[in-house]
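Residues take their numbers from the sequence shown, with the count starting at 1. Computed from a predicted structure; not experimentally measured.
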Amino acid sequence: MAARDTGENTEGPLARPGIYLGRMVVFLILVGFLAFILFKQITPAFLANPGLNGLILGVLLIAVVIAFGQVIRLFREVAYVNAAARGAKAKRPPALLAPMAPMVAARAGGVTLPGTAGYLDTIAARLDEGREILRYIAGILILLGLLGTFWGLIDTLSAVGGVIKGMRGGGDAGVMFDELKSGLAVPLSGIGLAFSASLFGLASSLITGFLELQAGQAHARFHNELQDWLMSGETATAAETAAVPVRAGGAGTQDLKEAIDRLTALVAEGGGSRAATLAMTNLAEGIQGLVQHMRAEQQMIRDWVEAQASRERELKQVLDRLGRERV
């Protein structure tokens, strides 16, 4: 298959999200390099409130892990669809595409099952839900930064109030000014560091936002390519679906009937999700085999019709020749 415009070589209709993973890694490397250059300036700001700043960095680390997980999970989904498109033996479908296993198997046989669009909307909603935690963490980081700022301001104002109360009145103005200057040195020197939590919070929110953006782009590309591939096949109408058992026959129909019976029994008995997933996989394999069997029979009928038409033309030519000879 030809390489896509992103430079990735794929073995199926879906491209691996490696480019987005690479962007995330490069961005984090640049952030780490910037932090290394500004290490001397960042260290005093961090030590101004190590507890809260450490909490902010810990939440940022959790966001990084979640963002990478949202992109890495797509590799299994892409590999499953590409394997089905190549006609490889069906493996256990991943969690995200497990409900769409019959649609994927049918599309591998060249047919788009009815109701595929509804399942695609469900996939899009599940992908969006996976990124909701990242948006929430980005907001939490900003709130933690503001909390540190207000915390520092309260401590600074309290210290200023203590200095003012401790000043002695009635003395020389120069002496009072010196006392005020020396008393305000500590709270005023620490007021800049009181905003360190906001610095770490906003920077962490910026990093989380970029990672969430890359994860969203990877999810959107996966959904769009999956939709293009699934909806590009020949749509099977209800009449064709109902007529399949009558026309196909053979082992494919029997396997499909057994898979549907097992799935119906599991639903009726309230079976677990693992058993239901296995039954859906068997159903998908049966549908794929049935579609391939139908295509083979259609090709046989087409060849037979062409052979009959060729024989009729030859017979007509012979009859015309005999008619001319009699005349």
Testing the basics here: between [X] and [Y], what is the closest heavy-atom pair and its distance to 0.1 Å?
| X | Y | result |
| --- | --- | --- |
| V78 | A15 | CG2-O, 3.8 Å |
| L96 | R126 | O-NH1, 3.4 Å |
| G145 | I56 | N-CD1, 4.2 Å |
| S205 | L141 | N-CD1, 3.7 Å |

So do the side chains of [X] and [Y] get within less than 4.5 Å of each other, counting heavy atoms only?
| X | Y | value |
| --- | --- | --- |
| F68 | L28 | yes |
| R73 | Q70 | yes |
| L127 | I123 | yes |
| N53 | L199 | no |
| E77 | L226 | no |

Are [Y] and [X] linked, directly or through intermediate hydrophobic residues, by side-chain heavy-atom contacts shorter than 4.5 Å (ILVMFWY only)?
| X | Y | result |
| --- | --- | --- |
| L206 | L55 | no |
| L213 | M24 | no |
| I29 | V64 | yes |
| F200 | L61 | no |

Practice task
Verify the neighbour count for atom CZ of R23: are there more than 12 heavy atoms of other residues, nucleotides or ligands below 6.0 Å?
Solution key: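 Above 12, so yes.
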Exercise for the section: Take atom OH of Y136 as the centre, draw a 6.0 Å sphere, and report whether it contains more than 12 heavy atoms from other residues, nucleotides or ligands. Expected result: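 No - once you tally the heavy atoms of other residues, nucleotides and ligands closer than 6.0 Å, there are 12 at most.
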Exercise for the section: Applying side chain to side chain contact (heavy atoms under 4.5 Å, CB included), run through Y20 and L74 and close with a yes or a no. Expected result: CA-CA 11 Å; Y20 302 101; L74 296 180; over 6 Å; no
Nearest 0.5 Å please: distance from the [atom1] atom of [X] over to the [atom2] atom of [Y].
| X | Y | atom1 | atom2 | answer |
| --- | --- | --- | --- | --- |
| L47 | T43 | CG | OG1 | 6.5 Å |
| L57 | I207 | CG | CD1 | 9.0 Å |
| I137 | E132 | CD1 | CD | 11.5 Å |

Problem - Verdict with reasoning, Q214 to V71, per side chain to side chain contact (heavy atoms under 4.5 Å, CB included) - result: CA-CA 8 Å; Q214 296 304 311; V71 178; 5.8 Å; no
Donor-acceptor pair, [X] side chain versus [Y] backbone, under 3.5 Å?
| X | Y | answer |
| --- | --- | --- |
| T208 | S204 | yes |
| S196 | F46 | no |
| N82 | L14 | yes |

Handout entry: side chain to side chain contact (heavy atoms under 4.5 Å, CB included) assessment of L211 paired with L134
Key = CA-CA 9 Å; L211 297 179; L134 291 176; 5.7 Å; no
Practice task
Mind running side chain to side chain contact (heavy atoms under 4.5 Å, CB included) on L143 and L147 for me, showing each step along the way?
Solution key: CA-CA 6 Å; L143 291 178; L147 175 63; over 6 Å; no
Practice task
Name all residues meeting the ring pair (Phe, Tyr, Trp, His ring centres under 6.0 Å) criterion together with F75; count only those two or more places apart in sequence or in a different chain, and write none if there are none.
Solution key: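 Here no residue qualifies.
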Exercise for the section: Please identify each residue that fulfils side-chain hydrogen bond (donor to acceptor under 3.5 Å, both in side chains) with D128, with sequence neighbours left out. Expected result: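 Counting only residues at least two positions away or on another chain, D128 forms a side-chain hydrogen bond (donor to acceptor under 3.5 Å, both in side chains) with R131, R135.
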